[in-house]
Colleague: 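Below are the structure tokens for one structure; questions will follow.
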Amino acid sequence: MDLANLREQIDGIDARIVELYEQRMEVCRQVAEYKLDTGKKVLDRQREAQKLEKVEALAHGDFNRQGVKELFEQIMSMSRKLQYRLLTERGSGGKLPFIQVDKLDTKRARVVFQGAEGAYSQAAMMRYFGADIDSFHVDTFREAMGAIDEGSADFAVLPIENSTAGIVNEIYDLLQEYENYIVGEQIIGIRHCLLGVPGAVLKDIKTVYSHPQSLMQSAKYLENHDWQQISMQNNAFAAKKVAHEADRSQAAIAGEHAAQIYGLQILQEGINDSGTNSTRFIIVTNQKIFRKDAGKVSICFEIPHESGSLYRILSHFIYNHLNMTKIESRPIEDRNWEYRFFVDFEGNLADSAVKNALRGLRDEARNMKILGNY
């Protein structure tokens with residue numbers, strides 16, 4: 001038998017497979033209608049396990065049995081997605097507990113940021129809300145989350161990711177812990193400056209204070225100087241310390257905004273290694289709201305600790321043509337080697353494709369939470 005003849009046979013078999021697949025999906029559509037009428041859940045794990053066991057037994061040889069199992073896992077996954085879509089189209093997708101608004105009400109808002117006057121968080125806040133916003137600052141991210149959770153602040157501005165240092169792990173953990181939600185974001189360029197007291201010059205400097213990440217981001221510049229490096233909780237705290245102690249031998253690494261706040265002199269501009277360094281800040285509130293023009297959804301979820309579980313969950317984005325822009329994982333406390341996943345994807349909570357994907361994720365993942373739409 002020549003290759004052309006073999007390929008012709010495969011084409012004929014494939015045509016029959018497609019025909020049978022479409023017949024199966026039509027029956028699945030009828031199953032969705034039945035579930036809509038009776039209120040039954042789409043995912044029946046016990047039924048699927050029994051089905052996989054049965055079709056595996058029909059195949060011959062270990063290789064074919066494994067292949068048949070994977071094939072039917074995919075077929076059943078597509079069946080579920082069809083059922084989710086039909087249920088959503090017919091208004092049985094369940095209402096998301098988020099309210100759409102035209103814009104955020106910031107006229108009389110009070111905003112909290114972590115750090116001190118002059119922090120990059122304050123600069124991000126002023127860029128987003130304007131310079132005249134009523135604001136206050138706290139020492140820790142947890143205190144900022146607590147302030148909006150209890151209502152002493154309407155919004156919090158928190159750093160979640162730096163283009164060179166990566167994610168801020170604590171913020172991800174706090175987003176899962178608190179019932180607070182992302183409603184906006186602000187990206188600002190990070191341009192570290194070496195700040196000293198008025199009249200100081202580079203040869204006076206013996207000690208440099210800053211946040212550990214800022215020291216790391218300025219490593220190449222600092223290598224050229226024999227200065228003691230001391231980590232601080234925040235860049236603004238470092239600038240405040242240098243200004244308060246008025247010691248010419250001390251310097252801080254912070255932004256130009258901090259120099260203006262504390263009356264410090266810029267001894268050297270742009271000392272960070274990367275000229276494109278940026279930090280993404282999120283705007284968080286305790287209300288379940290999203291702007292009408294929001295275009296990014298953030299969620300988190302847990303999945304069973306078994307082969308293929310993450311792949312099956314992420315397939316909901318593929319099926320609904322949603323562009324996933326970010327995925328991160330964080331260890332789950334007291335559960336060794338298990339992780340919580342954080343995903344950003346493009347879309348709006350009012351979109352049918354987003355609703356469909358979220359319904360599937362809610363049914364098939366563990367503890368799925370919408371962190372915000374912004």
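Just so it is clear, the structure is predicted and the values come from calculations on it, not from any experiment. In this chain, numbering begins with 1 at the start of the sequence shown.
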Colleague: If every non-hydrogen atom of R248 is compared with every non-hydrogen atom of A200, which pair is closest and at what distance?
Modeller: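 Taking every non-hydrogen atom into account, O-CB, 4.1 Å.
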Colleague: Are I160 and I190 co-members of a hydrophobic cluster defined by side-chain heavy atoms under 4.5 Å apart?
Modeller: no
Colleague: Considering all heavy atoms of both residues, which atom of M232 and which atom of A238 are nearest to each other, and what is their separation?
Modeller: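 Nearest pair, atom of M232 first, then A238: CG-CB, 3.9 Å.
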Colleague: Are Q186 and V157 side-chain neighbours, meaning at least one heavy-atom pair lies under 4.5 Å?
Modeller: no
Colleague: Can you confirm whether D226 is buried at CG, in the sense that more than 12 heavy atoms of other residues, nucleotides or ligands lie under 6.0 Å from that atom?
Modeller: no
Colleague: Could you label the plane-to-plane angle of the F342 and Y172 rings as parallel, tilted or perpendicular, counting under 30° as parallel and over 60° as perpendicular?
Modeller: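 It falls in the perpendicular class, over 60°.
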Colleague: Is the count of non-hydrogen atoms from other residues, nucleotides or ligands lying under 6.0 Å from D132 atom CG greater than 12?
Modeller: no
Colleague: For the pair K35 (side chain) and V42 (backbone), establish whether a donor and an acceptor sit closer than 3.5 Å, ignoring hydrogens and angles.
Modeller: yes
Colleague: Any side-chain heavy atom of E256 within less than 4.5 Å of one from I266?
Modeller: yes
Colleague: Quick check: closest heavy atoms across A123 and I188, and the distance to 0.1 Å?
Modeller: CB-CD1, 4.3 Å
Colleague: Check the pair K296, I182 against side-chain contact (heavy atoms from CB on, under 4.5 Å), reporting the backbone distance first and the verdict last.
Modeller: CA-CA 10 Å; K296 180 191 291 186; I182 308 170; over 6 Å; no
Colleague: Is there a donor-acceptor pair under 3.5 Å between the side chain of T106 and the backbone N or O of A109?
Modeller: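 Checked: no pair found.
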Colleague: Could you give the distance from CD1 (I370) to NZ (K288), rounded to the nearest 0.5 Å?
Modeller: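 Between atom CD1 of I370 and atom NZ of K288 there are 8.0 Å.
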Colleague: Distance-only, no hydrogens or angles: does the S152 side chain make a donor-acceptor pair with backbone N or O of A147 under 3.5 Å?
Modeller: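 Flag set: sc S152 to bb A147 pair under 3.5 Å.
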Colleague: Looking at every heavy atom in both L202 and Q268, which two are closest together, and how far apart are they?
Modeller: CD1-OE1, 4.3 Å
Colleague: Is it true that Q217 and N277 share a donor-acceptor pair across their side chains at a distance under 3.5 Å?
Modeller: yes
Colleague: Going by an N to O cut-off under 4.0 Å, is there a salt bridge joining E26 and R29?
Modeller: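 A salt bridge is present here (some side-chain N lies under 4.0 Å from a carboxylate O).
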Colleague: Would you tell me whether Y374 and S298 have side-chain atoms, one donor and one acceptor, within less than 3.5 Å of each other?
Modeller: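 Short answer, yes.
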Colleague: According to a 4.5 Å side-chain heavy-atom criterion applied to Ile, Leu, Val, Met, Phe, Trp and Tyr, with indirect links allowed, do V284 and V112 form part of one hydrophobic cluster?
Modeller: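 Yes: a chain of side-chain contacts under 4.5 Å links V284 to V112.
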Colleague: Rounded to the nearest 0.5 Å, what separates atom CG in D293 from atom CG in N373?
Modeller: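 Answer rounded to 0.5 Å: 9.5 Å.
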Colleague: Out of curiosity, R142 CZ to Q114 CD, how far, rounded to the nearest 0.5 Å?
Modeller: 13.0 Å
Colleague: Partners of R335 by side chain to side chain donor-acceptor pair (under 3.5 Å), sequence neighbours excluded?
Modeller: E302, E338
Colleague: Does the side chain of F155 come within less than 4.5 Å of F129's, by heavy atoms?
Modeller: yes
Colleague: So for atom CG, which belongs to L58, do other residues, nucleotides or ligands contribute more than 12 heavy atoms lying within a distance under 6.0 Å?
Modeller: yes
Colleague: With clusters defined by side-chain heavy atoms of hydrophobic residues (ILVMFWY) lying less than 4.5 Å apart, directly or transitively, does M125 cluster with I261?
Modeller: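 Cluster IDs for I261 and M125 differ.
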Colleague: With a sphere of 6.0 Å drawn around CD of E53, does it hold more than 12 non-hydrogen atoms of other residues, nucleotides or ligands?
Modeller: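 Atom CD in E53 is not crowded, with 12 or fewer foreign heavy atoms closer than 6.0 Å.
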Colleague: In this structure, are over 12 heavy atoms from other groups packed under 6.0 Å from Q46 atom CD?
Modeller: no
Colleague: Can you tell if the side chain of L104 reaches within under 4.5 Å of the side chain of I289, non-hydrogen atoms only?
Modeller: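 Contact flag for L104/I289 side chains = yes.
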Colleague: Tell me if a side-chain donor or acceptor on N235 pairs with a main-chain N or O of A119 at a distance below 3.5 Å.
Modeller: no
Colleague: Test side-chain contact (heavy atoms from CB on, under 4.5 Å) on Y84 and E364; report intermediate values, then the result.
Modeller: CA-CA 11 Å; Y84 290 134; E364 297 182 24; 3.1 Å; yes
Colleague: Start with the C-alpha distance between L222 and I253, add both sets of side-chain angles, then the distance that settles side-chain contact (heavy atoms from CB on, under 4.5 Å), and finish with yes or no.
Modeller: CA-CA 11 Å; L222 293 173; I253 295 177; 4.1 Å; yes
Colleague: Checking Q83 side chain against V31 main chain: does a donor-acceptor pair fall under 3.5 Å?
Modeller: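 No.
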Colleague: Is there a side-chain contact between M78 and Y319, using heavy atoms and a 4.5 Å cut-off?
Modeller: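 Yes, at least one pair of side-chain atoms sits under 4.5 Å.
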Colleague: Between N64 and H60, is there a donor-acceptor pair closer than 3.5 Å when you use the side chain of the first and the backbone of the second?
Modeller: yes
Colleague: Scan side-chain atoms only and decide if E73 and Y311 contain a donor-acceptor pair under the 3.5 Å cut-off.
Modeller: no
Colleague: Between M76 and L52, is any pair of side-chain heavy atoms under 4.5 Å apart?
Modeller: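 In short, these two side chains touch, coming nearer than 4.5 Å.
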Colleague: Which pair of heavy atoms, one from H192 and one from N272, lies closest together, and at what distance?
Modeller: N-OD1, 2.9 Å
Colleague: Can you name the nearest heavy-atom pair linking G118 to A236, along with the distance?
Modeller: C-CB, 3.8 Å
Colleague: Does a donor on one side chain sit under 3.5 Å from an acceptor on the other, for E70 and Q66?
Modeller: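 Their side chains do contain a donor-acceptor pair, which is all the 3.5 Å distance test asks for.
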Colleague: So, D363 side chain and G360 main chain: donor-acceptor pair closer than 3.5 Å or not?
Modeller: no
Colleague: Between L174 and F141, is any pair of side-chain heavy atoms under 4.5 Å apart?
Modeller: yes
Colleague: Can you find a heavy atom in the side chain of W227 that is under 4.5 Å from one in the side chain of L194?
Modeller: yes
Colleague: Tell me, with the steps shown, if N320 and K81 meet side-chain contact (heavy atoms from CB on, under 4.5 Å).
Modeller: CA-CA 9 Å; N320 290 288; K81 291 177 176 63; 5.8 Å; no
Colleague: Measure the spacing between NZ of K206 and CD of Q228 and express it to the nearest 0.5 Å.
Modeller: 11.5 Å
Colleague: Salt bridge check, E306 against R312: does any charged N sit closer than 4.0 Å to a carboxylate O?
Modeller: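 Yes, this pair counts.
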Colleague: Is it the case that E179 and Y181 place a side-chain donor and acceptor less than 3.5 Å from each other?
Modeller: yes
Colleague: Can you label the angle between the H225 ring and the Y221 ring as parallel, tilted or perpendicular, going by 30° and 60°?
Modeller: tilted
Colleague: Going only through I, L, V, M, F, W and Y residues with side-chain contacts under 4.5 Å, is there a path from V183 to I99?
Modeller: yes
Colleague: Crowded around E333 CD? As in, over 12 foreign heavy atoms under 6.0 Å?
Modeller: no
Colleague: Ion pair present between R280 and D344, side-chain N to carboxylate O less than 4.0 angstrom?
Modeller: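 Counted as a salt bridge, because a side-chain N and a carboxylate O are separated by less than 4.0 Å.
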Colleague: Does I283 belong to the same Ile/Leu/Val/Met/Phe/Trp/Tyr cluster as F290, with side-chain heavy atoms less than 4.5 Å apart forming each link?
Modeller: no
Colleague: Looking at N286 and I148, would you say the former's side chain and the latter's main chain have a donor-acceptor pair under 3.5 Å?
Modeller: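 Yes.
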Colleague: With rounding to the nearest 0.5 angstrom, report the CD1 to CE distance, I299 to M368.
Modeller: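 The CD1 atom of I299 sits 6.0 Å away from the CE atom of M368.
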Colleague: Would you confirm whether K241, through its side chain, and A252, through its main-chain N or O, come within 3.5 Å as a donor-acceptor pair?
Modeller: no
Colleague: To the nearest 0.5 angstrom, please state how far the CD atom of Q176 sits from the CD1 atom of I171.
Modeller: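 Output value for this atom pair is 13.5 Å.
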Colleague: With distance as the sole criterion, is a donor-acceptor pair present between the side chains of Q122 and H137 under 3.5 Å?
Modeller: no
Colleague: Could you check whether K240 pairs with E117 (Lys NZ or Arg NE/NH1/NH2 to Asp/Glu carboxylate O, under 4.0 Å)?
Modeller: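 No, no charged N to carboxylate O under 4.0 Å.
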Colleague: I'd like to know if E328 and K326 make a salt bridge, using a cut-off of under 4.0 Å between side-chain N and carboxylate O.
Modeller: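 Yes, charged N to carboxylate O under 4.0 Å.
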